[in-house]
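The block underneath contains the structure these notes are about, expressed in structure tokens.
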Number of protein chains: 2
Amino acid sequence: MKLSQDDIRARFKARGLKVTPQRAAIYRALAETTSHPTADALYRAVRRRYPMISPNTVYYTLGALRDAGLIHEVNYWHDGARFDANMQPHHHLVCLGCRTIHDVMDAGLSRLQAPAGFRREFQITGHRVEFHGYCEACRETGPRRTARVTTRRSAPAARA
Amino acid sequence: MKLSQDDIRARFKARGLKVTPQRAAIYRALAETTSHPTADALYRAVRRRYPMISPNTVYYTLGALRDAGLIHEVNYWHDGARFDANMQPHHHLVCLGCRTIHDVMDAGLSRLQAPAGFRREFQITGHRVEFHGYCEACRETGPRRTARVTTRRSAPAARA
DNA sequence: GTCATTGCAAAGGATTTGCAGTTCC
DNA sequence: GGAACTGCAAATCCTTTGCAATGAC
């Protein structure tokens with residue numbers, strides 16, 4: 001989506017974000033692609049126009065935009081591959097507070113289909129449903145967020 | 001799930017995997033938890049019983065178990081946080097070949113509900129559906145796999 | 001005996017931190 | 001003026017690689 005400088009300015013203001021050239025460039029780059037880039041890819045992209053920009057700024061900014069509700073972090077599970085020996089079809093519920101992952105067995109969810117258009121264009125092999133929410137213990141604490149993007153360091157050690 | 005040494009042996013054999021103590025320990029640790037641990041968490045867990053085990057072995061073994069179909073890699077998207085400026089409710093289709101992510105707008109998918117039991121126990125804030133498959137270009141090549149676990153290095157640079 | 005598997009050591013690379021200087025409001 | 005933001009440099013830590021030794025079949 002093409003955005004004017006004023007569009008961006010207005011969106012930032014509406015969320016109480018300071019407007020800086022770097023920040024606008026990062027948001028613009030993300031808004032104009034549908035490729036779901038990583039933070040690093042955005043860093044590289046924006047650096048073409050702002051060679052001085054630092055990784056720090058990109059990571060910090062993405063965290064700020066996310067917390068402001070201007071962008072989505074598509075996958076919270078980027079803290080490393082996660083494994084599961086349960087081979088029955090099932091889905092997951094992730095607590096956004098403590099990041100615990102619960103198994104959801106539900107036959108109905110396993111019968112979902114992608115829209116017809118995609119079924120023609122793609123060979124669909126499966127799907128997965130991920131519910132998000134808060135467990136009882138985390139209900140009051142709200143989302144676990146830092147100013148930065150990732151949660152790797154603060155994720156609880158999985159008990160295996 | 002509790003597994004006897006023989007169970008494990010049988011499962012490995014059935015898939016043509018060599019049986020080694022380390023390998024069995026890794027699989028056992030994963031089968032006995034529902035916590036969806038990371039590779040690193042499993043490394044730490046198994047190391048308690050096999051202090052000599054190397055990270056290499058754990059990563060290598062997880063890749064082998066996954067390729068053999070004995071375990072699932074729950075989240076392929078562990079190659080870093082990915083972002084999206086599209087704030088309308090939507091879902092995703094991931095090509096398992098080239099890792100491209102496509103947006104799927106479908107109102108029906110957005111109305112899914114978690115099973116009642118979970119709705120009581122959790123405060124559900126949303127959900128996400130992720131379809132997996134192969135785009136036309138990748139249809140013949142099959143899954144992109146290495147012996148190892150991650151795909152970080154080989155993921156295509158997102159165009160932003 | 002052969003080949004997959006393992007351990008060790010070291011490299012790689014994305015992400016994070018501290019901090020000082022700068023910019024926006 | 002003050003708080004938020006930025007850049008720089010360095011550290012961190014998970015993950016990967018090369019290679020030689022080992023062990024399963």
Side-chain angles (χ1 to χ4, degrees), chain A residues 8-9 12-27 37-44 46-47 50-68 73 75-83 145-155 157-158, chain B residues 8-9 12-27 37-44 46-47 50-68 73 75-83 145-155 157-158:
Chain A
I8 293 179
R9 182 173 208 83
F12 282 15
K13 295 272 185 191
R15 311 276 178 158
L17 292 171
K18 288 195 180 174
V19 183
T20 71
Q22 296 91 333
R23 194 164 270 209
I26 293 166
Y27 181 65
T38 63
D40 192 55
L42 282 169
Y43 168 56
R44 280 190 257 264
V46 172
R47 198 170 44 172
Y50 293 86
M52 313 296 305
I53 202 169
S54 78
N56 189 338
T57 300
V58 176
Y59 284 89
Y60 179 92
T61 296
L62 287 171
L65 293 176
R66 176 202 58 198
D67 291 349
E73 189 170 342
N75 58 328
Y76 331 102
W77 295 23
H78 51 75
D79 59 342
R82 287 178 172 243
F83 295 91
R145 303 228 134 139
T146 62
R148 304 310 176 83
V149 157
T150 95
T151 54
R152 174 175 298 181
R153 226 168 282 283
S154 50
Chain B
I8 293 177
R9 182 173 210 82
F12 282 15
K13 294 273 186 190
R15 312 276 178 157
L17 290 172
K18 288 193 180 174
V19 183
T20 71
Q22 296 92 332
R23 193 164 271 206
I26 294 166
Y27 181 64
T38 63
D40 192 54
L42 282 169
Y43 167 56
R44 280 190 257 264
V46 172
R47 199 171 42 173
Y50 293 86
M52 312 297 305
I53 202 170
S54 77
N56 187 338
T57 301
V58 176
Y59 284 89
Y60 180 91
T61 297
L62 287 171
L65 293 176
R66 177 201 57 199
D67 291 349
E73 190 170 342
N75 57 328
Y76 331 104
W77 294 24
H78 51 75
D79 59 342
R82 287 178 172 242
F83 296 90
R145 303 228 135 138
T146 63
R148 303 311 175 81
V149 156
T150 94
T151 54
R152 174 176 298 180
R153 226 171 281 284
S154 51

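Every heavy atom of this structure was used, including side-chain atoms; hydrogens, water molecules and symmetry mates were not. Chain letters run A, B, ... following the sequence lines, proteins first and then strands; every chain starts at 1.
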Check: So, is B:R44 close to the D:dC14 phosphate, meaning a side-chain N or O under 4.0 Å from OP1 or OP2?
Finding: yes
Item checked: Side-chain N or O of A:K13 closer than 4.0 Å to phosphate OP1/OP2 of C:dC24 -> no
Using atom [atom1] of [X] as one end and atom [atom2] of [N] as the other, report the distance to the nearest whole Å.
X: A:R47; N: D:dC8; atom1: CZ; atom2: P; answer: 11 Å
X: B:Y43; N: D:dC13; atom1: OH; atom2: P; answer: 14 Å
X: B:F12; N: D:dC25; atom1: CZ; atom2: C1'; answer: 16 Å
X: B:Y59; N: C:dC8; atom1: OH; atom2: P; answer: 16 Å

Check: Mind checking what makes side-chain contact (heavy atoms from CB on, under 4.5 Å) contact with B:P21, not counting sequence neighbours?
Finding: B:Y50
Check: If you look at every heavy atom in A:V58 and A:A39, which pair is closest and at what distance?
Finding: CG1-O, 3.7 Å
Next item on the list: Can you see which heavy atom on A:I53 is nearest to which on A:V46, and at what distance?
Entry: CD1-CG1, 3.7 Å
Item checked: Check: A:Y27/A:R23 side-chain N/O donor and acceptor closer than 3.5 Å -> no
Quick one: side chains of residues 12-19 of chain A, donor-acceptor pairs under 3.5 Å with protein atoms, not counting sequence neighbours, listed by atom name and distance.
| unit_1 | atom_1 | unit_2 | atom_2 | d |
| --- | --- | --- | --- | --- |
| A:R15 | NH1 | A:A68 | O | 3.1 |

Next item on the list: Evaluate the side-chain proximity of B:L42 to B:Y59: yes if any heavy-atom separation is below 4.5 Å, no if none is.
Entry: no
Set out, line by line, the N/O atom pairs under 3.5 Å between protein and nucleotides 4-6 of chain D.
| unit_1 | atom_1 | unit_2 | atom_2 | d |
| --- | --- | --- | --- | --- |
| D:dA4 | O4' | A:K18 | NZ | 3.2 |
| D:dC5 | OP1 | A:R23 | NH1 | 2.6 |
| D:dC5 | OP1 | A:R23 | NH2 | 3.3 |
| D:dC5 | OP2 | A:Y60 | OH | 2.8 |
| D:dC5 | O5' | A:R23 | NH2 | 3.0 |
| D:dT6 | OP1 | A:T20 | OG1 | 2.4 |
| D:dT6 | OP2 | A:T61 | OG1 | 3.2 |
| D:dT6 | O3' | A:Q22 | NE2 | 2.9 |

Next item on the list: Could you pick out which residue, B:V19 or B:D40, lies toward the 5' side of DNA chain D when each is mapped onto its nearest nucleotide?
Entry: B:D40
